[in-house]
Amino acid sequence: MSELSYVTGDRHSAWSTYLTQVERVLPLLGDLSRWADTLTHPKRALIVDIPLEMDDGTVRHFEGYRVQHNLSRGPGKGGVRFHPDVTLQEVMALSAWMTVKCAALNLPFGGAKGGVRVDPTTLSHKELERLTRRYTSEIGTMIGPQQDIPAPDVGTNAQVMAWMMDTWSMNVGATTTGVVTGKPVHLGGSLGRVKATGRGVFVTGCSVAAKLGIDVASSRVAVQGFGNVGSVSAELFHALGAKVVAVQDHKATLYLASGLDIPALQAWQQTHGTIAGFAAADHIADEHFWTQPYDILVPAALEGQITAERANLLQCRLIIEGANGPTLPEADDILQQRGIAVVPDVIANAGGVTVSYFEWVQDFSSFFWSEEEINQRLDSIMQHAIETVWQKADMLNVTLRTAAYAVACERILLARKDRGLYP
Ligand code: NAD
């Protein structure tokens with residue numbers, strides 16, 4: 001599967017999913033395929049040890065990573081994940097998907113990602129701050145506003161980005177807001193960043209739904225994951241009039257045929273940290289989430305959720321991938337055979353990195369845009385990207401995922417070819 005000595009052969013791993021996605025686009029790349037190995041060889045990976053003094057005086061060690069997958073088109077860009085299941089291979093896949101995503105959107109970035117193998121919900125506020133600052137110092141030689149710019153992902157947020165920005169700035173002796181994106185607005189963050197990923201899911205989803213003849217305003221929607229991406233996506237579908245009939249998080253699955261009250265569920269989630277216990281819906285078995293009839297399904301939790309088995313059971317017409325890597329390759333094949341369209345992650349959830357790009361530009365120019373300007377530019381970039389991919393899919397007679405990879409990989413490999421190899 002891969003000649004990299006540090007890769008294990010788990011065919012359900014995120015890295016393995018990525019490799020299969022690349023394999024599928026290779027026949028479409030013509031002469032550029034000469035450079036294709038660059039897509040399967042991450043440029044740089046750092047593993048760091050993070051010793052942390054706990055509030056009770058004991059010391060624990062956590063493993064952290066930063067991977068720069070490809071920098072051919074610009075500095076590395078990609079989030080930082082704090083989650084107990086984070087591994088080097090997962091971070092490699094997430095960094096590679098960032099390379100493809102930035103190229104698919106034509107943003108001037110390469111792909112990177114970071115992570116710490118930790119359950120942040122078990123840490124106190126102070127422990128989380130110390131962990132974040134030590135991790136930032138450990139990866140400090142790799143990141144920078146011109147080198148590699150982290151952002152939030154699962155388990156991290158604007159506060160974590162503020163600590164990362166402060167730590168890096170203290171270490172170099174100058175406040176450098178552009179070293180991370182997804183910061184609080186009063187610290188050089190961008191208006192519209194918090195909702196950007198969910199907004200991109202909604203915009204690209206509506207665009208494809210219209211092409212498929214799905215009336216979103218009267219559709220039945222299901223959302224897996226009710227965090228930053230899932231809850232904002234649900235909010236926007238709900239605001240348009242769609243019925244969000246099912247929502248699942250790591251603790252519960254809710255179902256209500258007449259449509260959930262999404263603002264009320266968001267308020268509940270913010271107070272309780274989960275959707276579990278929300279009284280105005282039925283709590284159903286987790287596996288039943290995959291078998292109900294929907295028009296639109298938004299996986300917005302973690303990788304590998306749509307397995308072959310679930311792909312056979314699904315009763316929906318359109319999947320919009322809010323999460324990174326939620327669909328396994330064999331499930332992709334089944335969905336294609338069953339005529340279920342998939343808006344791939346590298347387009348659907350690219351709203352976040354697009355507004356991160358705006359944030360980075362604003363930090364460099366120290367001139368900030370209105371939320372209206374941000375949203376207009378975001379919508380226009382997302383609509384252009386999905387239209388380009390739709391036309392490519394039509395021209396090549398391939399899925400939207402393979403078309404998105406074709407658009408992106410052509411850009412990445414052209415940059416590689418024209419830069420040439422050094423020395
Ligand atoms: P988050 O931490 O805010 O929320 C994650 C949600 O997933 C939570 O509701 C959690 O309960 C749920 N979840 C976790 N494990 C689950 C499981 N086994 N079953 C069901 N639900 C589960 O994270 P987020 O920022 O919303 O990110 C979600 C996904 O979107 C990830 O794949 C992430 O990489 C991707 N993504 C995020 C952004 C962003 O801007 N935040 C951008 C692009 C892609």
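Residues take their numbers from the sequence shown, with the count starting at 1. Start at 1 and go down the list; that is how both ligands and their atoms are numbered.
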Please confirm whether Ala301 comes within less than 3.5 Å of ligand 1 when only nitrogen or oxygen atoms on both sides are compared. yes

If you take the nearest heavy atom of each of Val247, Asp345, Thr197, which one is closest to atom 40 (O) of ligand 1? Thr197

The single option from Leu71, Ile143, Val67 that satisfies side-chain contact (heavy atoms from CB on, under 4.5 Å) with Asp148 is Ile143

Report yes if some N/O of Phe226 lies less than 3.5 Å from some N/O of ligand 1; otherwise report no. yes

Which of parallel (below 30°), tilted (30 to 60°) and perpendicular (above 60°) describes Trp369 and Phe358? tilted

Between Lys101 and ligand 1, does any nitrogen or oxygen pair lie at a separation below 3.5 Å? no

So is there a nitrogen or oxygen of Lys113 less than 3.5 Å from a nitrogen or oxygen in ligand 1? no

Please compare Thr354, Thr156, Val353, Asn228 and report which has the shortest non-hydrogen distance to atom 25 (O) of ligand 1. Asn228

Ignoring angles and geometry beyond distance, decide whether Leu94 reaches within less than 3.5 Å of ligand 1 through its nitrogen or oxygen atoms. no

Basic-acidic side-chain contact under 4.0 Å: Lys126, Glu53: no

Take Asp55 and Arg130 through the salt bridge (Lys or Arg N to Asp or Glu O under 4.0 Å) test and state the conclusion after the steps. CA-CA 10 Å; Asp55 292 345; Arg130 287 196 291 275; 2.9 Å; yes

Quick check: Leu302 and ligand 1, any N/O pair under 3.5 Å apart? no

Take atom 34 (O) of ligand 1 and look for protein heavy atoms under 4.0 Å from it; say yes if you find one, no if not. yes

Quick one: which of Gly225, Gly155, Gly352, Ala300 has a heavy atom closest to atom 2 (O) of ligand 1? Gly155

Which residue and atom name correspond to the protein heavy atom nearest atom 4 (O) of ligand 1, and how close is it? Gly227 CA, 3.3 Å

Please report whether ligand 1 has a polar contact with Glu303, defined as an N or O pair separated by less than 3.5 Å (distance criterion only). no

When you measure from atom 36 (N) of ligand 1 to each heavy atom in Val355, Asn324, Asp249, which option holds the nearest one? Asn324

Taking both backbone and side-chain atoms of Asn349, is any N or O found less than 3.5 Å from an N or O belonging to ligand 1? no

